[in-house]
Protein chains: 2
Amino acid sequence: MPASRARTPRNTLSPELIVRTALELMESDGTSAFSLRGLAAELGVGPMALYTYFRNKDDLYDAVRNHLMGLLPPVPDGVPWQDQVRAVCRSLRSLMLQHPCLAQLLAGRPLSGQETARVAEGLLGVLRSAGFDKETAARTHTTLFTYVLGSTSWEIQMAAERRDPEAWRRLRTTMESLSATEFPTVVELAPELSRTTGGDPQFNYGLDLLITGLEPHTT
Amino acid sequence: MPASRARTPRNTLSPELIVRTALELMESDGTSAFSLRGLAAELGVGPMALYTYFRNKDDLYDAVRNHLMGLLPPVPDGVPWQDQVRAVCRSLRSLMLQHPCLAQLLAGRPLSGQETARVAEGLLGVLRSAGFDKETAARTHTTLFTYVLGSTSWEIQMAAERRDPEAWRRLRTTMESLSATEFPTVVELAPELSRTTGGDPQFNYGLDLLITGLEPHTT
DNA sequence: ATCGCTAACGTACGGTGTATAGTACACCGT
DNA sequence: ACGGTGTACTATACACCGTACGTTAGCGAT
């Protein structure tokens with residue numbers, strides 16, 4: 001018991017600290033490079049210490065996702081339902097862009113956790129108030145949610161591809177090697193395809209398509 | 001030379017055989033359980049033999065994805081463009097449902113490969129013929145593609161969750177523990193949400209929303 | 001008959017998640 | 001004041017992963 005024993009003090013860890021640090025690591029090094037061992041090292045702790053707070057890696061992922069979902073702003077009121085829908089969708093999108101790991105966290109394991117329910121509550125409330133019947137509201141919620149998820153994840157993937165020079169080069173050469181007789185339209189529209197990839201205008205274009213199609217459904 | 005030497009004969013492997021076997025493994029054991037070592041074992045070969053045909057695991061994934069995309073049927077003609085769009089989107093969706101690993105393959109690495117270009121060619125051609133200008137055609141293609149991808153991936157994830165009893169139980173208890181005062185709409189619409197999750201009607205609902213919104217854009 | 005090429009091999013390395021068992025401290029009833 | 005107990009953390013170990021490296025065996029061409 002000579003106190004020379006340099007054991008770490010007792011309560012250095014907490015779920016919040018772990019989640020926060022995990023998030024930082026995922027954002028600085030990329031989600032795929034994230035590992036429990038790396039996280040433990042960053043926290044100055046053995047890998048197994050994390051298992052005191054989380055049952056396994058997926059459980060930690062759940063917590064991080066839940067934490068991120070909690071950052072979503074509330075739905076604005078006092079504006080037409082179309083604008084409320086737009087606001088909710090854009091909030092989710094911009095959160096995903098700000099925290100690229102969120103896309104993979106959402107893809108890996110569908111809705112669960114209190115915070116995910118909160119965003120559903122917001123969107124469903126808007127739709128119900130706008131006069132959608134129960135079933136249409138549910139369907140619309142799923143449609144909007146999956147659209148935001150799919151298009152934003154895609155955008156993030158494309159951006160990541162562009163950052164990896166090797167992958168980007170391969171993509172370009174594949175594109176350019178396409179025979180103009182076999183793929184006339186792709187070749188003709190190549191400039192538009194690469195110019196319009198991603199970005200707010202692309203996102204808003206699809207979102208407005210959905211909302212336009214939605215209007216006849218309000219009672 | 002005495003054939004007693006039990007080395008495998010020479011050309012047991014081929015890219016096609018590897019891709020086909022990899023696909024079978026992914027579909028029987030799940031994408032996440034797939035490993036190069038398992039694949040090599042299935043082929044009766046050492047792990048490193050695969051590197052003769054593929055530069056690394058991602059390269060193999062690319063090949064599998066390309067192979068799957070090649071299974072898409074051609075675009076029907078002689079029908080209105082709306083029906084052509086529906087056909088293309090439904091083909092992709094049903095291919096993803098038939099080969100669940102495709103969702104993850106598409107999520108993991110965006111478009112690349114000849115076969116992916118072929119589906120783009122089909123859809124873009126339809127849109128151009130329908131009178132969309134270049135930019136709108138490109139935007140619309142991206143929107144439709146990401147919608148199909150997002151909503152079908154989501155559906156597959158949900159179905160997988162439902163098959164894992166542990167995850168499914170956790171989800172149900174989370175759902176049921178939601179306070180009816182904090183999440184009134186979610187609680188009220190719980191039946192609709194779980195009833196309408198996934199399935200062709202849900203998919204077609206969103207798809208028709210998009211197509212409806214699209215109509216004013218033809219020249 | 002021999003040589004060179006290359007397909008497939010074996011070995012090894014550094015990494016992963018996590019099961020299991022152990023250890024030292026903080027707290028508590030006495 | 002003190003021994004017991006729970007808990008927060010450590011140590012060790014296992015099975016598995018992708019893949020870099022160097023080697024070998026069988027075929028086609030010479």
Side-chain angles (χ1 to χ4, degrees), chain A residues 1-22 25-26 28-65 101 104-105 108-109 164 166-167, chain B residues 1-22 25-26 28-65 101 104-105 108-109 164 166-167:
Chain A
M1 27 218 55
S4 66
R5 207 63 168 85
R7 283 288 206 141
T8 50
R10 226 58 218 309
N11 291 325
T12 48
L13 258 40
S14 75
E16 293 76 19
L17 177 63
I18 294 177
V19 166
R20 204 151 24 94
T21 311
L25 276 183
M26 287 187 201
S28 66
D29 299 351
T31 318
S32 66
F34 174 80
S35 76
L36 291 184
R37 298 174 112 102
L39 172 58
E42 181 76 19
L43 289 164
V45 117
M48 295 313 290
L50 303 172
Y51 285 79
T52 308
Y53 301 90
F54 299 97
R55 308 212 331 287
N56 51 40
K57 202 186 187 188
D58 276 343
D59 200 27
L60 173 59
Y61 279 154
D62 281 359
V64 173
R65 198 191 47 218
C101 57
Q104 274 163 261
L105 291 175
R109 179 161 301 200
D164 174 6
E166 161 60 16
Chain B
M1 332 248 117
S4 67
R5 208 56 169 94
R7 279 280 207 154
T8 50
R10 225 62 220 305
N11 291 323
T12 49
L13 259 40
S14 76
E16 293 76 19
L17 178 62
I18 295 177
V19 165
R20 204 152 25 93
T21 312
L25 277 183
M26 288 187 200
S28 66
D29 299 352
T31 319
S32 66
F34 174 79
S35 78
L36 291 184
R37 298 174 113 103
L39 172 59
E42 181 75 17
L43 288 164
V45 119
M48 294 315 288
L50 303 172
Y51 284 78
T52 307
Y53 301 90
F54 299 96
R55 308 212 334 284
N56 52 39
K57 201 186 189 188
D58 277 344
D59 200 27
L60 174 59
Y61 280 154
D62 281 359
V64 173
R65 200 192 45 221
C101 56
Q104 274 162 261
L105 291 175
R109 178 163 303 200
D164 175 4
E166 161 59 17

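What you see is a predicted model, and the numbers here were worked out from it, not measured in a lab. Convention: sequence-line order gives letters A, B, ...; per-chain numbering from 1.
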Duplex segments of DNA chain C, taken as runs of at least three Watson-Crick or G-U pairs that stay under 3.5 Å
C:1-30 with D:1-30
The side chain of A:Val45 lies closest to which of these nucleotides: C:dC9, D:dT10, D:dA8?
D:dT10
Shortest non-hydrogen contact from A:Val64 toward A:Met26:
CG2-CE, 4.3 Å
To the nearest Å, how far apart are A:Ile18 CD1 and D:dC9 P?
8 Å
Return all side-chain donor-acceptor pairs below 3.5 angstrom for residues 34-53 of chain A, not counting sequence neighbours, or 'none' if the list is empty.
{"unit_1": "A:Ser35", "atom_1": "OG", "unit_2": "A:Gly38", "atom_2": "N", "d": "2.9"}
{"unit_1": "A:Thr52", "atom_1": "OG1", "unit_2": "A:Ala49", "atom_2": "O", "d": "3.1"}
{"unit_1": "A:Tyr53", "atom_1": "OH", "unit_2": "A:Leu13", "atom_2": "O", "d": "3.3"}

Any residue of residues 53-63 of chain A with a heavy atom less than 4.0 Å from an atom of DNA chain C:
A:Asn56, A:Lys57
Using whole Å, report how far CG of A:Leu39 lies from P of D:dC9.
13 Å
For a quick check of understanding: with a heavy-atom distance under 4.0 Å over all strands, which category does B:Ser35 fall into, base, sugar-phosphate or nothing?
sugar-phosphate
To the nearest 0.5 angstrom, please state how far the CG atom of B:Asp58 sits from the CG atom of B:Leu105.
10.0 Å
Whole-Å distance separating the CG atom of A:Leu50 from the P atom of C:dG17
10 Å
Please state whether the base of C:dG17 and the side chain of A:Arg37 form at least one donor-acceptor pair under 3.5 Å?
yes
To the nearest 0.5 Å, what is the distance between CD (A:Glu16) and OG1 (A:Thr21)?
11.0 Å
Between A:Leu43 (CG) and D:dA8 (C1'), how many Å, whole number?
14 Å
Rounding to an integer number of Å, can you tell me how far B:Met48 CE sits from D:dA20 C1'?
7 Å
Provide, to the nearest angstrom, the distance between the OH atom belonging to A:Tyr51 and the P atom belonging to C:dT16.
12 Å
List the steps, then state whether side chain to side chain contact (heavy atoms under 4.5 Å, CB included) holds for A:Arg65 with A:Asp62.
CA-CA 5 Å; A:Arg65 198 191 47 218; A:Asp62 281 359; 3.7 Å; yes
Classify A:Ala49 by what it touches in the nucleic acid, base, sugar-phosphate, or nothing, heavy-atom distance under 4.0 Å.
base
